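Notes for the one structure printed next.
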Amino acid sequence: MGSFSIWHWLIVLVIVLLVFGRGKIPELMGDMAKGIKSFKKGMADDDDDDAAEKARTVEHRADETVSAREKASKS
């Protein structure tokens, strides 16, 4: 009583195919794949934005250091 036999799984498969139809399941899987690709692309874009922000911060700090050195050397 604890496990399902092969006949139980076949009946479940037939019911799923009747409810969703033959063409609906591949379409559903394709939509899920597109969603995953979109999610990965969004995550990669966020990483690129973070890297660009860090680069701007480093450049900004480097410019401040150069400006401070120039001011100190003029004094």
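These numbers were taken from a predicted model, which means no experiment stands behind them. The residues of the chain are indexed from 1 along the displayed sequence. These numbers come from the heavy atoms of this one structure, side chains and all, not from hydrogens, waters or symmetry mates.
- The residue from Val12, Leu13, Leu17, Ile11 that alone fulfils the side-chain contact (heavy atoms from CB on, under 4.5 Å) condition with Ile15 is Ile11.
- Here the side chains of Leu10 and Trp7 are in contact, with some heavy-atom distance below 4.5 Å.
- Hydrophobic clustering, with ILVMFWY side chains joined whenever heavy atoms are under 4.5 angstrom apart, keeps Phe39 apart from Ile36.
- For the pair Lys37 and Lys40, the minimum side-chain heavy-atom distance is 4.5 Å or more.
- Once rounded to the nearest 0.5 Å, the distance linking CE of Met32 with CE of Met29 reads 3.5 Å.
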